[in-house]
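Let me begin by presenting the structure, written as structure tokens, before commenting on it.
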Amino acid sequence: MSRDDLIQSVTYLASPPLAGRFPGTIGGLLARDFIAGKFSSFGLTPGFLPDFSQPFPTIFGATANVVGVYPGQDPVLRDQVVVVGAHYD
């Protein structure tokens, strides 16, 4: 991800249409979908469900973390993984 890509991503996630990304809101769902799309474009695999989500309940309603996995590439460490998560609210 380039510096410009990062700036564009942060600008979008902080934009008025996402309205703070509060859990269970349209803004939160848009942010989650955006991050999941980025994870997919980076070559990560979903950590739990096919859409990269890890749902959980809150007092505000259901929401989800975004979790991607990058498997180890080194033959000695191939069973090791890096888990990438996004807390976006």
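Computed from heavy atoms alone, side chains included, the values below leave out hydrogens, waters and symmetry copies. Residues take their numbers from the sequence shown, with the count starting at 1. Everything quoted here is computed from the prediction, not taken from an experiment.
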Between M1 and F42, does a side chain to side chain contact (heavy atoms under 4.5 Å, CB included) hold up when you go through it step by step? CA-CA 8 Å; M1 176 178 256; F42 298 153; 3.7 Å; yes
Would you give the length of the straight line joining atom OG1 of T63 to atom CZ of R21, rounded to the nearest 0.5 angstrom? 12.0 Å
Working to the nearest 0.5 angstrom, can you tell me the gap between S15 OG and L30 CG? 8.5 Å
Would V66 end up clustered with F56 when hydrophobic side chains under 4.5 Å apart are linked, directly or stepwise? no
In Å and rounded to the nearest 0.5 Å, what is the CD to CG distance from Q8 to L13? 11.5 Å
Evaluate whether atom CD1 of I26 has more than 12 neighbouring non-hydrogen atoms of other residues, nucleotides or ligands under 6.0 angstrom away. no
If we only count heavy atoms from C-beta on, is the L29 to R32 side-chain gap below 4.5 Å? yes
To the nearest 0.5 Å, what is the distance between CG (L18) and OH (Y12)? 4.5 Å
Is a side-chain donor or acceptor of S41 paired with a backbone partner of K38 at a separation under 3.5 angstrom? yes
Should V67 and F52 be marked as a side chain to side chain contact (heavy atoms under 4.5 Å, CB included) after you check the CA-CA gap, both sets of side-chain angles, and the distance that decides it? CA-CA 5 Å; V67 181; F52 291 90; over 6 Å; no
Minimum heavy-atom separation for D74 and V76, please, with both atom names. OD1-N, 2.7 Å
Start with the C-alpha distance between F48 and S53, add both sets of side-chain angles, then the distance that settles side chain to side chain contact (heavy atoms under 4.5 Å, CB included), and finish with yes or no. CA-CA 6 Å; F48 293 94; S53 68; over 6 Å; no
Do any N or O atoms from the side chain of S9 and from the backbone of D5 form a donor-acceptor pair under 3.5 angstrom? yes
Could you pull out the closest heavy-atom pair between A36 and D51, with the gap in Å? CB-O, 3.6 Å
